[in-house]
Protein chains: 2
Amino acid sequence: MCAEYATRPREQIAQILRSERRYLSAAEVFRALQRARARVSLSTVYRTLDRLRAKGEASSRIDEQGEATYVICTTSHHHHAICRVCGHVEEVACDPMERFTEALKAYHGFELDAHAMEFFGRCARCR
Amino acid sequence: MCAEYATRPREQIAQILRSERRYLSAAEVFRALQRARARVSLSTVYRTLDRLRAKGEASSRIDEQGEATYVICTTSHHHHAICRVCGHVEEVACDPMERFTEALKAYHGFELDAHAMEFFGRCARCR
DNA sequence: CATGGTTCTGCCAATGATTCGCAAATTATA
DNA sequence: TATAATTTGCGAATCATTGGCAGAACCATG
């Protein structure tokens, strides 16, 4: 029991996420599937996205409107810089943040949990 | 037209927010009102919280479950460091972030919009 | 302190994203 | 192909949030 089946819907959903390198909501993935003539139910989209996150293959965030969005990530230890213009997700290594982490601790006695941060701005292309 | 009435419900809601220095959802504010024997409807809580945000007297964020939460802020130009343990909100001035902003631009060509960041960790008291 | 126009509130129905239950379909394996 | 486990699709249920609207509260004025 508890095996793992490779199914067509799952592969189609992963495909969509891999091709778009930005945070997508379940509804957006669902629409993309329809455009691609893939018959997958919205329920399956929700379940599959959540499953990808649980396995660590995707990371999720709640956007400004409170909707859950997902993106496939490639490296393991990093944070996301999200472009406000195109939605592009830049994976930021932990290293360049250490200076800031130290400053925050010195100024405020605040110890940063470096695993839950995201940054917004404009990426190199959109500037 | 477009005047502004000082009402009991509004004052009671602001009172709650001022006494708790952490992000509260509409439902939490509503429960706090009930504990204080204040008869205010949930609709009014939603409207008032949104109104405070629009006036810049409170700032809001969407939590991990997608619920909108609100906190009163005192200074104008800052970001929030949120304690994972007690929920305490530390207001972080922009200054200590400039180093980090520069590094992000140098490494990734990413220009940070310094007005939409939040940091999580453990505050001085909870460490 | 009564009046009247404006602004707020409470109630309740509507919305929209997400989850749940369950029967039918799909997958892996023999 | 037969079987058992897993996954899917459908529709109903849930839950935070919003909208409409009639009545209540507010406050400047007479």
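Values in this document were obtained by computation on a predicted structure and should not be read as measured data.
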Salt-bridge present ([X], [Y]; N to O < 4.0 Å):
X	Y	result
A:R18	A:E11	yes
A:R53	A:D50	yes
A:E4	A:R51	yes

For this session: Identify the two heavy atoms, one from B:V92 and one from B:A81, that lie closest to each other, and give their separation to 0.1 Å.
Result: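 So the minimum-distance heavy-atom pair works out to CG2-CB, 3.8 Å.
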Once you round it to whole Å, what is the distance between [atom2] of [N] and [atom1] of [X]?
X	N	atom1	atom2	answer
B:D50	D:dT18	CG	P	7 Å
A:L52	D:dT7	CG	P	13 Å
B:R51	D:dT17	CZ	P	19 Å

Quick one: does any side-chain atom of [X] pair with a main-chain N or O of [Y] as donor and acceptor, under 3.5 Å?
X	Y	result
A:T48	A:T44	yes
A:E28	A:S25	yes
B:R10	B:Y5	yes

Exercise. Looking at residues 23-49 of chain B, who's got a heavy atom less than 4.0 Å off DNA chain C?
Worked result: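 B:R39, B:V40, B:S41, B:S43, B:T44, B:R47 - these, ordered by number, are the residues of the stretch whose heavy atoms sit under 4.0 Å from the strand.
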Problem set entry | Those residues of residues 5-17 of chain B lying under 4.0 Å from DNA chain C by at least one heavy atom |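 When residues 5-17 of chain B is checked for heavy atoms under 4.0 Å from DNA chain C, the hits, listed by number, are B:Y5, B:T7, B:P9, B:R10.
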For this session: Mind listing the residues from residues 62-72 of chain B sitting with a heavy atom below 4.0 Å of DNA chain D? Number order is fine.
Result: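 Heavy-atom cutoff 4.0 Å gives B:E67, B:A68.
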For this session: Mind jotting down which residue pairs meet the side chain to side chain donor-acceptor pair (under 3.5 Å) criterion with at least one end in residues 118-127 of chain A? Sequence neighbours excluded, please.
Result: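 As it turns out, the side chain to side chain donor-acceptor pair (under 3.5 Å) pairs with a partner in residues 118-127 of chain A, which skip direct neighbours, are A:R61-A:E118, A:R122-B:E111.
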For this session: Could I get the full list of ring-ring contact (aromatic ring centres under 6.0 Å, His included) partners for A:F119, not counting sequence neighbours?
Result: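 With sequence neighbours excluded, A:F119 shows a ring-ring contact (aromatic ring centres under 6.0 Å, His included) to B:F100, given in chain and number order.
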Exercise. Considering residues at least two apart in sequence or located in another chain, which fulfil the side-chain hydrogen bond (donor to acceptor under 3.5 Å, both in side chains) criterion with A:Y70?
Worked result: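 Residues passing side-chain hydrogen bond (donor to acceptor under 3.5 Å, both in side chains) with A:Y70: none at all.
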